[in-house]
Participant: 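Here you go, one structure.
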Amino acid sequence: MASPHLIIFSSSFLIFFTTTLYPTAAAPTAGSWSLLQSTIGITAMHMQLLPTDHVIIFDRTDFGASNISLPDGKCREDPYDKVLKKDCTAHSVEYDVMSNSVRPLMVLTDVWCSSGALMSDGSLVQTGGFNDGDHVVRVFNNSCSSCDWEEREYGLVQRRWYATNHILTDGRQIVIGGRRQFNYEFYPKTVVLEKAYSLPFLVQTNDPNIENNLYPFVFLNTDGNLFIFANNRAILFKYSRNRVLKTFPEIPGSDPRNYPSTGSAVLLPLRVVQGNVTAVEVLVCGGAPKGAFVNAQNGKFDGALNSCGRINISNHDPKWVVETMPLARVMGDMVLLPNGDVLIINGGSNGTAGWEYGRNPVLNPLIYRPYNPINSRFYVQNPSTIPRMYHSTAVLLRDGRVLVGGSNPHVYYNFTNVLFPTELSLEAISPSYLDPNSSWIQPKIISPVTQTKMQYGEQIVVRFTVQNQVNLNRISVTLIAPSFNTHSFSMNQRLLVLDGSNTTRGVGQLTYEVNTTTPPTGHIAPPGYYMLFVVHQEIPSEGIWVVIH
Ligand SMILES: *[C@@H]1O[C@H](CO)[C@@H](O)[C@H](O)[C@H]1NC(C)=O
Ligand SMILES: *[C@@H]1O[C@H](CO)[C@@H](O)[C@H](O)[C@H]1NC(C)=O
Ligand SMILES: *[C@@H]1O[C@H](CO)[C@@H](O)[C@H](O)[C@H]1NC(C)=O
Ligand SMILES: *[C@@H]1O[C@H](CO)[C@@H](O)[C@H](O)[C@H]1NC(C)=O
Ligand SMILES: *[C@@H]1O[C@H](CO)[C@@H](O)[C@H](O)[C@H]1NC(C)=O
Ligand SMILES: *[C@@H]1O[C@H](CO)[C@@H](O)[C@H](O)[C@H]1NC(C)=O
Ligand SMILES: *[C@@H]1O[C@H](CO)[C@@H](O)[C@H](O)[C@H]1NC(C)=O
Ligand SMILES: *[C@@H]1O[C@H](CO)[C@@H](O)[C@H](O)[C@H]1NC(C)=O
Ligand SMILES: *[C@@H]1O[C@H](CO)[C@@H](O)[C@H](O)[C@H]1NC(C)=O
């Protein structure tokens with residue numbers, strides 16, 4: 001816990017005692033919630049933050065009419081739509097964080113339960129969906145203020161519904177799995193109709209009655225290979241040779257963690273020291289126990305899992321370490337915060353993912369502080385008032401808040417006579433680092449300017465101010481990749497703690513500089529946009545956008 005009484009000392013007194021009286025880590029307290037929009041017109045099933053600070057949001061075209069019209073009297077006519085052949089409402093919107101406003105967008109084909117990633121040019125490339133949309137690739141290129149979706153029919157060679165994407169070292173996306181797809185492909189293609197490659201691991205982890213390995217948890221390891229977790233186990237996969245390099249031990253307890261048992265997972269912060277990453281750890285939390293899906297179909301809603309498994313994926317012989325959350329959770333989202341904490345948010349404490357199968361919303365998020373001693377890592381946060389069950393989302397914003405939306409466990413929009421009405425609202429949680437009483441030690445970045453382009457392994461100087469006394473040994477510079485969030489998983493989520501964070505020095509009144517080095521390689525940080533933060537005593541600055549290439 002920070003020592004707020006420090007504020008009462010005069011600054012000269014403070015300097016005198018700095019070596020002994022610096023507050024220890026400001027422990028996360030309870031955070032605060034705000035309702036941003038009571039309705040954005042659609043239910044936020046998929047979300048991606050763009051480097052314009054706009055968030056692209058979409059649900060599905062076959063939900064029937066949404067609560068927001070398409071612009072300029074436009075309508076979508078789709079003979080293949082299973083619900084409305086002519087629909088004059090939008091199923092995608094662009095949310096502008098700064099102005100807190102929404103603009104409707106037009107998707108032509110069905111984007112339901114799809115996947116995507118921000119490309120290195122800052123455009124969002126979304127892949128697949130359902131029905132007439134399952135082979136389609138859609139691009140949202142944000143180079144203009146009135147941009148809209150552009151659809152590329154037959155962008156994929158296989159149908160992709162509930163697949164997971166990841167950005168690779170060369171800037172392409174890999175698209176892995178999806179319902180009844182035990183294979184992967186790349187986008188963009190290097191040759192026209194470059195084929196899909198088989199991935200037997202997805203057959204081995206598939207229970208054909210339940211399909212318990214959808215939306216696999218995928219992370220790019222710092223050796224350029226992929227960690228793929230499906231159902232209750234994981235492999236290290238050399239996608240370029242179609243070869244399994246390592247099979248990790250099954251997660252203790254053996255319960256499934258992917259859709260519909262939907263837990264979540266993050267790659268913990270990657271700390272770069274002299275060009276190397278010190279440890280590469282994955283944390284998998286929550287989900288529903290084995291059998292929960294069939295039980296839910298029969299009206300029995302099993303208690304969710306309260307366990308997390310943590311593993312060093314680049315070690316020779318890694319073992320899972322199990323930790324216990326203070327609250328069990330299925331359909332939770334795990335969001336990396338700029339100071340390296342993990343926010344675990346949304347979901348319920350009974351049942352599973354899938355239509356009508358979740359019960360007992362968990363309204364209190366948790367913060368997990370990864371490098372505290374084991375058994376003192378979790379902090380319970382203040383509750384929201386809005387249940388966020390199946391089809392809810394959460395993404396980090398550049399100002400450090402987390403945007404939260406969605407929840408619709410029904411086949412159509414349904415606002416009446418249901419346990420969890422279709423949720424069209426958007427809210428934000430401000431972790432306690434944004435509390436007003438933290439602002440006295442919060443850094444503010446002066447330079448570089450936002451949107452600066454940087455090369456791998458480049459020395460950079462970050463200049464910032466802090467209103468009050470700085471602990472020069474408690475500054476770090478972090479980068480976060482903006483992720484694509486849906487179904488309780490954030491694709492491409494990645495946080496780097498940069499090298500040289502300990503070189504901070506004062507250069508003027510309340511002004512400081514830190515010399516740091518951008519990530520050494522594309523294996524450690526695939527090319528593209530990142531948010532850069534200066535963190536002082538666990539309190540992050542507002543981020544700036546940088547482009548690493
Ligand atoms: C900030 O204020 C809140 C609410 O009064 C309190 O709970 C919290 O402990 C304070 N945080 C710090 C770092 O002093
Ligand atoms: C959405 O529109 C329907 C139909 O017009 C209406 O009944 C419902 O109250 C609206 N819901 C919200 C949250 O705006
Ligand atoms: C986005 O637009 C830019 C500028 O027109 C273009 O260079 C880029 O290729 C486009 N991106 C995609 C993914 O189509
Ligand atoms: C600063 O960090 C580098 C590694 O990034 C380390 O080699 C060096 O010893 C550190 N210096 C201090 C003063 O801690
Ligand atoms: C970085 O890691 C590589 C591969 O493990 C190793 O060969 C190299 O010596 C390491 N460099 C430093 C500075 O530790
Ligand atoms: C939720 O799970 C707990 C633990 O298994 C159980 O005691 C409780 O009855 C369940 N609640 C519902 C609504 O099914
Ligand atoms: C991973 O490795 C690091 C460094 O050796 C160690 O501190 C940490 O406890 C390990 N984590 C797990 C989950 O084994
Ligand atoms: C909403 O759900 C209720 C309860 O299942 C059902 O009776 C009703 O028909 C549904 N309404 C719509 C619009 O689907
Ligand atoms: C930081 O970088 C600047 C500019 O490259 C250089 O002049 C300065 O000596 C560096 N300082 C440290 C402490 O490395």
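No hydrogens, no waters, no symmetry mates; every other heavy atom, side chains included, goes into these values. All ligand and atom numbering here is 1-based and tracks the order in the structure.
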Participant: Provide, to 0.1 Å, the distance between atom 13 (C) of ligand 8 and the closest protein heavy atom, together with that atom's residue and name.
Facilitator: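 Result for atom 13 (C) of ligand 8: Tyr413 O, 3.9 Å.
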
Participant: Atom 14 (O) of ligand 9: which protein heavy atom is closest, and how many Å away?
Facilitator: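 For atom 14 (O) of ligand 9, the nearest protein heavy atom comes out as Asn515 ND2, 3.0 Å.
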
Participant: Near Gly303, which atoms of ligand 6 are under 4.0 Å from a heavy atom of that residue?
Facilitator: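 Selected atoms, number and element: 2 (O), 4 (C), 5 (O).
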
Participant: Among all protein heavy atoms in this structure, tell me which lies nearest to atom 4 (C) of ligand 8, with the distance rounded to 0.1 Å.
Facilitator: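 Checking every protein heavy atom, the shortest distance to atom 4 (C) of ligand 8 gives Asn417 O, 3.7 Å.
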
Participant: Treating Arg76 as the side-chain partner and Thr61 as the backbone partner, does any N or O pair qualify as donor plus acceptor under 3.5 Å?
Facilitator: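 It does hold such a pair.
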
Participant: Using a 3.5 Å distance criterion without hydrogens, assess whether the side chain of Ser349 forms a donor-acceptor pair with backbone atoms of Ala328.
Facilitator: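 No: the side chain of Ser349 does not pair with the backbone of Ala328.
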
Participant: Evaluate the ring planes of Trp320 and Phe229, with Trp represented by its six-membered ring, and classify them as parallel (under 30°), tilted (30 to 60°) or perpendicular (over 60°).
Facilitator: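 Perpendicular, since the angle between the ring planes exceeds 60°.
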
Participant: Using a strict cut-off of 4.0 Å, indicate which atoms of ligand 6 neighbour a heavy atom of Phe301.
Facilitator: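 Counting from 1, the qualifying ligand atoms are 1 (C), 2 (O), 10 (C), 14 (O).
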
Participant: If you count the non-hydrogen atoms of other residues, nucleotides and ligands that lie under 6.0 Å from OH in Tyr371, is the total more than 12?
Facilitator: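 Result for OH/Tyr371: enclosed.
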
Participant: Is the closest basic N to carboxylate O distance between Asp302 and Lys300 below 4.0 Å?
Facilitator: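 Here Asp302 pairs with Lys300 in a salt bridge, since their nearest N and O are under 4.0 Å apart.
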
Participant: Report the distance from atom CG of Asn231 to atom OG of Ser261, rounding to the nearest 0.5 Å.
Facilitator: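 Those atoms lie 7.5 Å apart.
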
Participant: Could you identify the single nearest non-hydrogen protein atom to atom 5 (O) of ligand 8 and state the distance to 0.1 Å?
Facilitator: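 The closest one turns out to be Val418 CG1, 4.5 Å.
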
Participant: Show the atoms of ligand 6 that are less than 4.0 angstrom away from any heavy atom in Asn360.
Facilitator: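 So the atoms of ligand 6 that pass are 11 (N), 13 (C).
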
Participant: Ignoring hydrogens, tell whether any protein atom lies closer than 4.0 Å to atom 7 (O) of ligand 9; use the non-hydrogen atoms only.
Facilitator: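 Answer no: nothing from the protein, no heavy atom, is under 4.0 Å.
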
Participant: How does Arg505 reach ligand 9, if at all, at less than 4.0 Å between non-hydrogen atoms: by side chain, backbone, both, or neither?
Facilitator: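 It is the side chain that touches ligand 9; the backbone stays farther off.
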
Participant: Considering Asn295, Asp302, Asn350 one by one, which has a heavy atom nearer to atom 12 (C) of ligand 6 than any of the others?
Facilitator: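 Among Asn295, Asp302, Asn350, the closest heavy atom to atom 12 (C) of ligand 6 belongs to Asn350.
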
Participant: For Phe415, look at atom CZ and say whether over 12 heavy atoms of other residues, nucleotides or ligands are found less than 6.0 Å away.
Facilitator: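 Counting neighbours around CZ of Phe415, more than 12 heavy atoms of other residues, nucleotides or ligands fall under 6.0 Å, so yes.
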
Participant: Between Tyr412 and ligand 8, does any nitrogen or oxygen pair lie at a separation below 3.5 Å?
Facilitator: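 Between Tyr412 and ligand 8, no N or O pair is found under 3.5 Å apart.
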
Participant: Are Phe58 and Trp149 an aromatic pair, judged by ring center distance below 6.0 Å?
Facilitator: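 They qualify: ring centres under 6.0 Å apart.
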
Participant: Looking only at protein heavy atoms, identify the closest one to atom 2 (O) of ligand 8 and say how far it is in Å.
Facilitator: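 Atom 2 (O) of ligand 8 sits closest to the protein heavy atom Asn414 ND2, 2.3 Å.
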
